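Here is the naming used below: chain letters follow the sequence lines, and residue numbers restart at 1 for every chain. Small disclaimer: the values here were computed from a predicted structure and weren't measured.
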Number of protein chains: 2
Amino acid sequence: MSEDLERRKRPTIHDVARQAGVAVGTVSRYLNGQDVRAGKRAEIERAVEALGFRRSALAAAMKGERTGLVGFMAPDFDEYHSALLNHLAQILRQSGQKLLTYSHATDGSLLRQSLDFLVEQRVDALVMAGLPNSQGILSAFHDEGIPVVVYNNDVRGERLDRVFVDNVKASSRAVGHLVDVGHRKIALVTGDPKDSTGVERRLGYEEALRRHDIPIDPAYVFVGDWKTEAGYNALQGFMALSDPPTAIFSSNYRMTTGVLEWLREHGLRTPQDIAIVSFDDVDLFRLYDDGITAVAQPLPLIAEAIAGYVATRLGDGEVPDIRSRTIECNIILRGSTRRPLPASPAERFGHDRY
Amino acid sequence: MSEDLERRKRPTIHDVARQAGVAVGTVSRYLNGQDVRAGKRAEIERAVEALGFRRSALAAAMKGERTGLVGFMAPDFDEYHSALLNHLAQILRQSGQKLLTYSHATDGSLLRQSLDFLVEQRVDALVMAGLPNSQGILSAFHDEGIPVVVYNNDVRGERLDRVFVDNVKASSRAVGHLVDVGHRKIALVTGDPKDSTGVERRLGYEEALRRHDIPIDPAYVFVGDWKTEAGYNALQGFMALSDPPTAIFSSNYRMTTGVLEWLREHGLRTPQDIAIVSFDDVDLFRLYDDGITAVAQPLPLIAEAIAGYVATRLGDGEVPDIRSRTIECNIILRGSTRRPLPASPAERFGHDRY
DNA sequence: TTGTATGCGTTATCAG
DNA sequence: CTGATAACGCATACAA
């Protein structure tokens with residue numbers, strides 16, 4: 001019942017060569033799809049099958065310049081990053097690339113360590129969510145011949161490729177939509193201002209208010225840390241104001257989740273009691289009450305852009321040191337921003353017009 | 001502006017040795033934390049820093065018996081698998097293991113190909129969601145010295161370790177709960193019966209009905225494919241019956257999402273119009289209406305159990321060919337199973353009693 | 001402690 | 001086309 005599972009030495013091309021009665025070079029050529037006489041080819045195939053031979057990607061990579069590995073690093077695999085991972089995995093599979101994933105848990109020292117690890121594994125390229133504290137250490141990758149592509153957050157000044165969504169415009173449109181349906185007391189739940197997304201989404205919010213001549217009220221701005229609790233606390237604060245907001249723009253799906261938790265706990269509903277727009281689109285938003293209006297990041301496009309950048313860097317054409325792609329978001333209109341207070345009886349039936 | 005990013009040859013231990021004025025062996029020993037005279041140690045450290053040397057894990061792995069790589073394979077990185085991936089990544093990091101992830105998109109031929117790929121990368125172990133069509137090819141891994149741990153679905157008869165949740169018991173309790181709150185017309189949305197989870201969750205459902213002397217009505221059973229659409233279609237069918245069910249037990253979160261979509265579209269609410277219990281627990285269920293009662297799989301425990309199995313296999317103790325661990329689920333009671341029809345006026349105020 | 005030499009499994013080069 | 005052989009970068013046994 002109890003057997004010693006010992007790591008039986010795997011067969012090598014030498015074993016295959018011997019069994020097939022050919023030279024190792026011939027086996028190697030066979031494995032790489034080069035021309036081999038039909039007779040020998042059959043012998044080799046038989047030997048491979050019999051021995052259960054699988055070529056060692058390690059040894060192969062030690063010779064060639066490429067491992068075929070693309071490092072993927074994210075703080076953690078939450079809904080956003082794992083959805084992207086999913087798309088990326090599909091695309092990279094097509095081109096024979098493999099994904100070496102690593103999460104660094106937003107810990108600064110772990111970041112350094114994680115990057116070292118990926119270099120040691122000799123990844124051909126590195127894809128990662130930009131981190132403010134990765135300043136200065138990423139260009140080194142580029143200089144050492146490992147192209148880097150960041151997404152989501154920027155890392156200023158580094159030599160690397162960037163794929164972002166147009167945070168400012170999307171946020172501005174989202175907040176503008178709230179104004180359009182009649183709100184003027186619009187609060188913002190934003191994230192860490194060290195993150196470019198934090199800055200940009202806030203910028204979009206401010207721009208929209210300015211455009212509509214609505215003064216920016218600091219009491220209506222909550223700076224959180226992107227986590228669920230922040231959204232919860234934000235609402236707690238907003239609703240305790242003597243003049244609470246009638247609408248919320250929340251900068252990511254996690255904080256929005258916290259917002260919704262608070263509302264649920266306190267028996268408030270959207271859009272009757274408060275309007276909501278969230279950055280990011282997740283299942284929850286489709287189905288919460290009559291839906292939460294959301295800024296949907298086109299993940300498939302983002303993944304494609306990233307993969308494209310990686311591919312051209314790994315190709316042999318000349319590529320500029322720095323490239324950047326900005327992708328537009330879609331705003332998905334849902335019940336949470338339905339017009340709250342019909343201005344006139346005539347509009348009374350306009351509820352469902354979007 | 002446009003520079004040829006060429007893969008500068010990385011420095012090797014030889015380069016470090018020369019620069020530091022020591023032998024390669026000494027550098028190697030330094031890298032592996034063995035004793036090196038303080039003076040030379042400093043020289044080496046300086047050289048490593050100056051050259052930007054990073055040891056090649058490939059070459060190192062070619063010598064030793066281990067790569068430190070654990071293969072992780074899932075059909076895709078949806079909320080369930082990526083949450084597990086997340087936990088697993090945290091735990092394996094502690095023990096210096098790295099995760100090589102691969103998704104096979106439920107395609108049978110891709111499965112074979114994906115497995116080959118992982119073997120070629122010389123993973124030390126393989127963690128995967130069991131697949132019915134991986135019968136017969138997984139024991140080969142074990143026999144070749146690559147331990148395999150499956151989770152979620154079983155692969156019958158293979159020599160490998162298993163970590164599951166107690167699907168039968170959890171389902172039975174979930175359905176029992178529906179009976180407890182007054183339902184007798186309980187429908188089942190189940191998944192592919194080729195998957196052990198499909199079979200077991202259905203078994204739990206049937207057992208609960210039997211225990212309560214409720215006949216099993218085939219019209220109340222919908223066999224889906226785990227996807228969102230299946231849940232939607234299930235509801236479509238159930239509600240078209242002359243005597244529709246008053247409660248639904250749905251076997252995974254995706255299908256439940258479909259169920260909720262149908263309800264939303266048709267203006268039905270839970271628990272007023274229909275009661276719901278779902279397997280799996282996701283954000284959506286916490287916040288949909290007054291919450292969806294759900295069977296929560298304890299992902300951290302599952303990840304720990306998996307990591308533990310991997311660790312002992314990779315250790316040098318004797319381990320039985322097959323091990324199995326079954327973990328209990330928690331049932332999270334929420335609004336979707338609140339007692340629908342108070343039997344007597346006295347119970348009228350019992351709504352919130354759980 | 002340290003240096004030297006050998007091998008790990010491939011691929012590539014160079015003759016044949 | 002094919003065979004023999006030299007790298008690739010590191011770890012380790014052995015000798016010093």
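In the set D:dC1, C:dT11, D:dA11, the nucleotide with an atom closest to the side chain of A:A60 is C:dT11. In this structure, of C:dT2, D:dC10, C:dT11, it is D:dC10 that holds the atom nearest to the side chain of B:A59. The side chain of A:R29 lies closest to C:dT13, out of D:dC10, C:dT11, C:dT13. In the set C:dT10, D:dG3, C:dG9, the nucleotide with an atom closest to the side chain of A:F53 is C:dT10. For B:R55, the side-chain atoms get nearest to D:dC10 when compared with the rest of D:dC10, C:dT2, C:dG3. If you check C:dG9, D:dA11, D:dC1 against the side chain of B:S28, the one that comes closest is D:dA11.
Rounding to whole angstrom units, CZ of residue A:R18 and C1' of C:dG9 are separated by 13 Å. Between A:K9 atom NZ and C:dG9 atom C1' the separation is 9 Å, expressed in whole Å. Here the C1' atom of nucleotide C:dC8 and the CZ atom of B:R66 are 16 Å apart, to the nearest Å. A straight line from OH of A:Y30 to P of D:dC1 spans 16 Å, rounded to a whole angstrom. Separating the CD atom of B:E65 from the C1' atom of C:dG9 is a distance of 13 Å, rounded to the nearest angstrom. Atom pair A:L31:CG and C:dT10:P shows a separation of 8 Å (rounding to whole Å applied). In this structure, B:I13 places its CD1 atom 5 Å from C1' of D:dC10, rounding to the nearest Å. Rounded to an integer number of Å, the gap from CD1 of A:I44 to P of D:dG3 is 8 Å.
Residues A:H14 and A:A38 both approach DNA chain D. Their nearest nucleotides, taken by heavy-atom distance, put A:A38 toward the 5′ side.
Using modelled atom types, no side-chain atom of A:D321 and backbone atom of A:R159 make a donor-acceptor pair closer than 3.5 Å. Put simply, the side chain of A:N152 never gets that close to the backbone of A:A129: no donor and acceptor are under 3.5 Å apart. A:N86 contributes no side-chain N or O that, together with a main-chain N or O of B:D76, makes up a donor-acceptor pair within less than 3.5 Å. Between the side chain of B:R122 and the backbone N or O of B:V119, at least one donor-acceptor pair lies under 3.5 Å.
You won't find any donor-acceptor pair under 3.5 Å spanning the side chain of A:K63 and the base of C:dG9, going by distance alone. At a cut-off of 3.5 angstrom, the base of D:dG9 holds no donor-acceptor pair with the side chain of B:R54.
Distances shorter than 4.0 Å separate none of the side-chain N or O atoms of B:R10 from OP1 or OP2 on D:dG9. Phosphate contact (OP1/OP2 of C:dC8, side-chain N/O of B:R122, threshold under 4.0 Å): absent. B:T26 has no side-chain polar atom (N or O) that falls below the 4.0 Å cut-off from OP1 or OP2 of C:dT2. Contact annotation: A:T12 side-chain N/O to C:dG9 OP1/OP2 distance is not under 4.0 Å. Distances shown here put every side-chain N or O of B:S56 at or beyond 4.0 Å from the OP1 or OP2 atom of D:dG9.
For the helix from C:dT1-D:dA16 to C:dG16-D:dC1, the end axes, each set by the C1' atoms of five terminal pairs, are bent relative to each other by 40° (nearest 10°).
Within the structure, ring-ring contact (aromatic ring centres under 6.0 Å, His included) pairs that include any residue of residues 111-134 of chain A comprise A:Y102-A:F117 (at least two apart or interchain).
Residue-level contact check: A:V22 touches the backbone only, with heavy atoms under 4.0 Å from sugar-phosphate atoms and none from bases. No engagement by A:G64 is indicated, since no non-hydrogen atom pair under 4.0 Å with the nucleic acid exists.
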Kindly determine whether A:E43 and A:K40 satisfy salt bridge (charged side-chain N to carboxylate O under 4.0 Å, His left out), including the steps that lead there. CA-CA 5 Å; A:E43 283 300 330; A:K40 308 214 169 199; over 6 Å; no
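Ring geometry for A:F77 against A:F72 counts as parallel: the plane angle stays under 30°, on a 0 to 90° scale with 60° as the upper cut.
With B:I306 as reference, B:V149 is the one residue of B:D161, B:V149, B:L301 to meet the side-chain contact (heavy atoms from CB on, under 4.5 Å) rule.
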Under 3.5 Å donor-acceptor pairs involving side-chain atoms of residues 15-26 of chain B, not counting sequence neighbours:
from  : atom 1 : to    : atom 2 : distance (Å)
B:D15 : OD1    : B:R18 : NH2    : 3.4
B:D15 : OD2    : B:T12 : N      : 2.8

